[in-house]
Amino acid sequence: MSAAGTETTQRITLARGLNAGLRRAMEDDDKVLVMGEDVGKLGGVFRITDGLQKDFGEDRVIDSPLAEAGIVGTAVGLALRGYRPVVEIQFDGFVYPAYDQIVCQVAKMHYRSRGRSKMPMVIRIPFGGGIGAVEHHSESPEAQFAHTPGLKVVACSNPVDGYWMIQQAIACDDPVIFLEPKRQYHADKADLDVDVDATPDPLFASRVVRRGDDVTVLAYGPQVKIALAAAEAAAAEGQSLEVIDLRTLSPLDMGPVLASVRRTGRAVVTHEAHVNLGMGAEIAARITEECFYSLEAPVLRVGGYDTPYPASRNEEEFLPDLDRVLDAVDRSLDF
Amino acid sequence: MSAAGTETTQRITLARGLNAGLRRAMEDDDKVLVMGEDVGKLGGVFRITDGLQKDFGEDRVIDSPLAEAGIVGTAVGLALRGYRPVVEIQFDGFVYPAYDQIVCQVAKMHYRSRGRSKMPMVIRIPFGGGIGAVEHHSESPEAQFAHTPGLKVVACSNPVDGYWMIQQAIACDDPVIFLEPKRQYHADKADLDVDVDATPDPLFASRVVRRGDDVTVLAYGPQVKIALAAAEAAAAEGQSLEVIDLRTLSPLDMGPVLASVRRTGRAVVTHEAHVNLGMGAEIAARITEECFYSLEAPVLRVGGYDTPYPASRNEEEFLPDLDRVLDAVDRSLDF
Amino acid sequence: MNELVQLLTPEGERVHPPDHDQDFDAETLRGFYRDMVLVRRIDTEATALQRHGELGLWAQLLGQEAAQIGAGRALRAQDHVFPTYREHGVAYTRGIDPLDLLGLFRGVDHGGWDPAQKHFGHYTIVIGAQTLHAVGYAMGMQRDGVIGTGDPDRDAAVVAHFGDGASSQGDVNEAFIFAASYNAPVVFFCQNNQWAISEPIERQSRIPLYQRARGFGFPGVRVDGNDVLATYAVTQAALQRARDGEGPTLVEAYTYRMGAHTTTDDPTRYRLNADLEHWKLKDPIARLEVYLRRHGLVDDAFLADLKSEADALGHHLREGCKAMPDPPPTAIFDHVYAEETEELRAQREGFVAYRETFEAHHPQEVAR
Amino acid sequence: MNELVQLLTPEGERVHPPDHDQDFDAETLRGFYRDMVLVRRIDTEATALQRHGELGLWAQLLGQEAAQIGAGRALRAQDHVFPTYREHGVAYTRGIDPLDLLGLFRGVDHGGWDPAQKHFGHYTIVIGAQTLHAVGYAMGMQRDGVIGTGDPDRDAAVVAHFGDGASSQGDVNEAFIFAASYNAPVVFFCQNNQWAISEPIERQSRIPLYQRARGFGFPGVRVDGNDVLATYAVTQAALQRARDGEGPTLVEAYTYRMGAHTTTDDPTRYRLNADLEHWKLKDPIARLEVYLRRHGLVDDAFLADLKSEADALGHHLREGCKAMPDPPPTAIFDHVYAEETEELRAQREGFVAYRETFEAHHPQEVAR
Ligand SMILES: Cc1ncc(C[n+]2csc(CCOP(=O)(O)OP(=O)(O)O)c2C)c(N)n1
Ligand SMILES: Cc1ncc(C[n+]2csc(CCOP(=O)(O)OP(=O)(O)O)c2C)c(N)n1
Ligand SMILES: [Mg+2]
Ligand SMILES: [Mg+2]
């Protein structure tokens, strides 16, 4: 029984897209396992794994003891035995107890073994803020993983991508850190065509989501929606923004980015993570290296401030919003 | 009895400078504790804490059980009780089991408590490669810590700085990640004046270590020596390089950097850490933001490749050396 | 289950275990009762405040009042506590205004009290991390010479709180190791409420948790965590051991989470109602009330006064919570460091300048 | 210390413990002896190679031969091993050419064998990390239906190796928890050689390590790790328990690190020579030799043959090691990913192009 039922098109949320994608991956390959805290009966605190244990059993949808190193470490062993574990980290801020296993074991196993031991693991992390949560529930740890060779890092931004990207990540023979914008889980719906043999965009590809000529705005995860809204608002004032959903953070897919910036001459990167050494730093550095003579202004960065994530009553001011993106666009244009 | 003995000037290695600095800090403030694996009788695997347990006792120089989270976590408790723990992580690659305690507890305690709980802790990490070691013994984790608000991150590059900077880090009321270039520990000697009431440079300041006009080369830790050698070699070919020892990685002290680049119009950053999202990315982004119109070429980055640290017979090719720095300098000048 | 230390049965009968029996005077017993009633009221009010949108979240302690009051009242002033996010009852015994607990859940701060002054650390959300802090703090006490001096006003100990789920974290087990290795004056107080969100205790351990301690070389005791007398007696003994320099103890307070994990949780998805009904019969407040009434230790006047006191407390919480101001926007930048960096100062100034550009256009919006 | 399972005393006398006694035929005994002699030779040769600059480092197993041969010989082909960095003896029992062990220490690779083919994982240097991999692998065996079928060629188990120091790591204790929770078919084999570099076992645990297991709900056994018979018998029993679906066991092999931690270590800084002398009397090889000779189970011809065999092995290691080629410079970029990224391909190409600019100038230098 598939979540797709019999209709070919559904209106789904990101949460449902991910759920359906996981379900389909589990149907397609019985080596795929789901593991983590509360992923079983509860279906995860965000219900992304809802119903999977019921349908695939406790051997394939595993409630783990409360220990993230243990979860990722046992997933390493399962991967070595030929399984394809999909690990759920309950919240971004709780990935750090597993950090050693991720950066020293998961990331290095293939290299250490000179290709003999594959590590086809997906580590799903609901990330980012905007849900009014308490400390440690709104972190954006992506730069740390992107800095780690051996890992691949992607971020989905919408329900349809959620459905396809999770399947592609599971099919990938390398470990993938899979970032899910938690504030989008239940926010918007999109049309998903599940039954056709669609050929989705490749996993490690960026996508131009709005064409424009004046400034290139780069975003991923929760910021894509904001970048699009900013483009809409800017259009009203006669500015034409091109918006790119980066989708893959490691490797970066610079092709569409460089092509766009060569045309616009200006770029703004936005993310929730701290600006200092965030993805924006790398992207700015690469754009400048590659498009030095095309740039009319330095690449400008919008991001979380370089403070710990604040108490939630302050998060609105902390998080990049439409206004801050537009402010950077203006500064870029005024440069 | 001080390591300084009765002479005022000694020729010391970095290892001795750090040892003498630790000793003096322990003499000056009996709240200063040293903790870690093998720091007692053995004096640490690099002998940086040599003799300290003998002179200050087991209560102040504490051999910890083999567990990095435990070491840093208990150090947090000691700091809350009013102590100033100096934690030794045996090798860079073994800091990750403590990563959660560092980024979620050490870094956030002062913020969480709105300034009520201070966290005056120093975490010493011998970092970088070049000693022919096995896996996990040659890592450069600095960018991950610099990306974490609440931490301060510094790197010493020479014996005299080692002596002063460790004392300044211990005196700092904020947690300091203190990076020590392990391949320099026993490499070169320098004159240290210990008895005079010297006023060393501030801890969080960069330093121009060689004046030049054509290209600014930015380095820290083990790369300072290489940058200086590159400048020497370049001089023979008529190129004048300015070399800056960054010393502080978070906060960055951009003043001297920007002043230099405004003059030279060109910059090269070099570090052993992976280029992707390494310190060079942030420095390049900031220089470009601040000196856009002064730049004659994009800031170029030299660093470890974006692969796990290789087997040691390949590390010479992996690590930035004089030639790679000069190659970047040439590319900058040819731009 | 005779391994469970119990002084008061669910039926409100006083029993006398060989090891931890203790006499309590009427005043003390009434005090415990009052504490538990007030703490339950704090919990009920906070839950209601969450329902009314005044709090973003609340972690309920319903059912765990005896465990927390027993543990909290066994403390001396100089002892120090490292809580999880659910120790509202212990916080109350440390003299913390319950209103200060709400800030974290309302999202106005990460904790509103001074840990050094209240001898009660900040709520710790990353599971288990605080147990290591507790051991380190206890190591500091050793170095301060406040262990085993025989002076009751000087000798001190630490309590590390954690849950049954937390017992699986590496940090907690490392805390056991460090405490044993240094013989640190710490009581590990585990409230085994039998659930870690949706996961039952059996997922974390197949044997009773208190037995974990033996494997690390120090004693473990399981106490009826719904029995305030037993919890008090067992914690007091463990604290005294620690203060005397005899090292760590693990206390497993066997209890039950009668509410949801937090206000966002839906326990009907994973546990049986019958289970909850069963545990309602073991309610920690009800059993002490039965005992007190049966022995004529409380009268209607006392109960009426207590009710008024609880109502006043509820009022204080409701009004106080609603009046709690949002932090100013610039609070984001405060206290990142003890010694602020120039970099951050510049960022703060940029933030202020940026907001001022708006103020010019929409003055009200920014004012709040 | 009657908690220690022993079948052969340091004096070479056969004793018969109630629980783990077993008969061994002459062939098997000679085999153990041969194994230990050859493994010690591997160790001696590698140490010498390090002294001669052919290896960057070597982690010696001197004194731990019995523990490793006992543990290794108890394995069946289908069992799987997760080693630390010191399990040269176990590797040898898995049929790994000892030369392949040297690559890591010479710096030419991170490990030269195929873990899947040899059923022997890569050396793991981050202390304790592999114990979790072992549990996960064992969970995979459960899912593959190779536990408790009763078919001796099918039923399998995992051995997780670690040291006394490693017992303090969170990962190792989490491995205990996961193994107990899932009843995973894993044997935790701890070589307590009494030192973690300079730190004595007392810093990690104040009670015998094997007792740790009980606190997690599974059995622990302490065996004389210098007694190959006892180690074999105890490990075999633990493996069979695991294969039968009865869950994990902790085996503490009580032994002694007779050498330095590694070739860069200087144990005279932290331990007494008398200690070492004491343990030399418990040498694992000497005691079996005494027993074999006393019972006429070996003759001079056997010993002479073995010596030649060891010499040949030494020769193989010396010559093989020196002939081991350095990896080509581009090896840096190989195998970072199973599916290489364009980014990395470009970086590799840049590297090659950059080196070619040199080749033009200094052809020899680059050629190596
Ligand atoms: C490291 C970490 N992982 C996951 C979580 C999410 N989480 C919050 S509470 C909880 C369950 C805790 O259970 P327990 O320790 O029994 O304490 P209780 O909530 O029952 O009081 C989980 C998994 C967390 N806070 N920290
Ligand atoms: C996480 C981590 N911390 C520190 C080290 C450095 N180190 C290497 S071996 C060792 C001691 C290990 O002792 P033990 O577990 O008893 O094993 P043994 O070396 O005695 O076989 C240490 C501290 C490491 N490899 N990994
Ligand atoms: Mg619980
Ligand atoms: Mg050892």
Side-chain angles (χ1 to χ4, degrees), chain B residues 30-31 33 35 57 59-60 62-83 85 97-98 100-101 103-105 107-120 149-152 171-175 203-204 248 250-255 286, chain C residues 80 82 103-104 109-117 121-126 128-144 158 160 169-171 173-182 184 186 327 331-346:
Chain B
D30 61 13
K31 291 292 186 192
L33 307 177
M35 9 188 339
D59 264 4
R60 294 191 61 198
I62 308 173
D63 270 333
S64 314
L66 208 179
E68 286 75 11
I71 297 170
V72 173
T74 52
V76 167
L78 281 157
L80 291 172
R81 181 79 194 176
Y83 287 87
D100 175 58
Q101 282 286 343
V103 306
C104 293
Q105 303 301 327
K108 294 188 173 183
M109 195 64 80
H110 192 262
Y111 194 70
R112 181 182 301 153
S113 70
R114 302 204 69 70
R116 295 183 187 109
S117 304
K118 291 203 178 14
M119 203 38 56
L151 299 178
K152 293 177 172 175
C172 177
D173 271 346
D174 291 305
L203 180 58
F204 300 108
T248 174
S250 182
L252 280 167
D253 178 25
M254 293 300 288
R286 290 206 205 175
Chain C
H80 201 92
F82 286 86
L104 169 72
D109 58 38
H110 293 311
W113 56 95
D114 183 342
Q117 190 210 324
H122 274 301
Y123 276 5
T124 303
I125 289 170
V126 177
Q130 76 283 358
T131 58
L132 282 166
H133 309 166
V135 175
Y137 198 93
M139 290 166 64
M141 285 178 169
Q142 290 176 311
R143 283 160 181 74
D144 290 343
V158 176
Q169 281 286 1
D171 275 14
N173 293 278
E174 292 187 9
F176 293 163
I177 285 162
F178 280 66
S181 182
Y182 298 120
V186 59
I332 292 173
F333 298 93
D334 294 340
H335 308 296
V336 179
Y337 298 101
E339 301 163 18
E340 186 169 73
T341 65
E342 264 180 57
E343 223 173 74
L344 194 62
R345 199 170 312 130

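Letters go in sequence order (proteins before strands), and every chain restarts at 1.
Heavy-atom distances place no part of C/Ala175 under 4.5 Å from chain B, backbone and side chain included. Looking at B/Lys31, only its side chain comes within 4.5 Å of chain C, counting heavy atoms on both sides. Both the backbone and the side chain of C/Ala331 come within contact range of chain B, judged by heavy atoms closer than 4.5 Å. When heavy atoms are compared at a cutoff of 4.5 Å, C/Asn173 does not approach chain B at all. Interface residue B/Asp63: only backbone heavy atoms are found under 4.5 Å from chain C. The contact between C/Tyr182 and chain B is made entirely by side chain atoms (from C-beta outward), counting heavy-atom distances below 4.5 Å. At a 4.5 Å heavy-atom cutoff, the contact between B/Met109 and chain C is made by side-chain atoms alone. Of the atoms belonging to C/Thr124, it is side-chain heavy atoms, and not backbone ones, that fall under 4.5 Å from chain B. Contact of C/Asp334 with chain B is made through backbone and side chain together, with heavy-atom distances under 4.5 Å.
Distance alone, capped at 3.5 Å, places no donor-acceptor pair between the C/Tyr337 side chain and the B/Pro175 backbone. The backbone N or O of B/His110 sits nowhere less than 3.5 Å from a side-chain atom of C/His335 that would complete a donor-acceptor pair. Distance alone, capped at 3.5 Å, places no donor-acceptor pair between the B/Arg116 side chain and the C/Ala116 backbone.
Your options are C/Val336, C/Val126, C/Leu132, and the one with the most heavy-atom pairs under 4.5 Å with chain B is C/Leu132. Options B/Cys104, B/Pro120, B/Ser250, B/Gly73 differ in how many heavy-atom pairs under 4.5 Å they form with chain C, and the most are formed by B/Gly73. Per-residue heavy-atom pair counts under 4.5 Å with chain C were compared for B/Ser113, B/Ser117, B/Pro97, B/Ala75, and the maximum is reached by B/Ser113. Contact tally against chain C (heavy-atom pairs below 4.5 Å) for B/Leu33, B/Leu151, B/Asp174, B/Ile62: the top residue is B/Asp174. The choice from B/Asp59, B/Val76, B/Ile71 that makes the most heavy-atom pairs within less than 4.5 Å of chain C is B/Asp59. Residue with the most contacts toward chain B among C/Ile332, C/Leu344, C/Leu104: C/Ile332 (heavy-atom pairs, distance under 4.5 Å). Of the listed residues B/Asp253, B/Leu252, B/Val72, the one with more heavy-atom pairs under 4.5 angstrom with chain C than any other is B/Leu252.
At a threshold of 4.5 Å between non-hydrogen side-chain atoms, the residues B/Gln101 and C/His133 count as touching.
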- Message: I'd like to know whether C/Glu343 forms a side chain to side chain contact (heavy atoms under 4.5 Å, CB included) with B/Arg286, so could you lay out the CA-CA distance, the side-chain angles of the two residues, the decisive distance to 0.1 Å, and finally the verdict.
- Response: CA-CA 12 Å; C/Glu343 223 173 74; B/Arg286 290 206 205 175; 3.2 Å; yes
- B/Lys152/C/Thr341 under side chain to side chain contact (heavy atoms under 4.5 Å, CB included): CA gap, chis, key distance, verdict: CA-CA 9 Å; B/Lys152 293 177 172 175; C/Thr341 65; 3.7 Å; yes
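For the atom pair B/Leu80 CG and C/His122 NE2, the distance stands at 9.5 Å (nearest 0.5 Å). In this structure, CZ on B/Phe204 lies 7.0 Å from CD on C/Glu339, to the nearest 0.5 angstrom. One distance of note links CD of B/Gln105 with CG of C/Asp171; it measures 8.5 Å at 0.5 Å rounding.
In terms of the salt bridge (charged side-chain N to carboxylate O under 4.0 Å, His left out) criterion, C/Glu342 has no residue partners (sequence neighbours excluded).
The two residues B/Arg112 and C/Tyr123 come nearest to each other via the heavy atoms CD-O, 4.2 Å.
Salt bridge annotation for C/Asp114-B/Arg114: absent, with no cationic side-chain nitrogen under 4.0 angstrom from a carboxylate oxygen.
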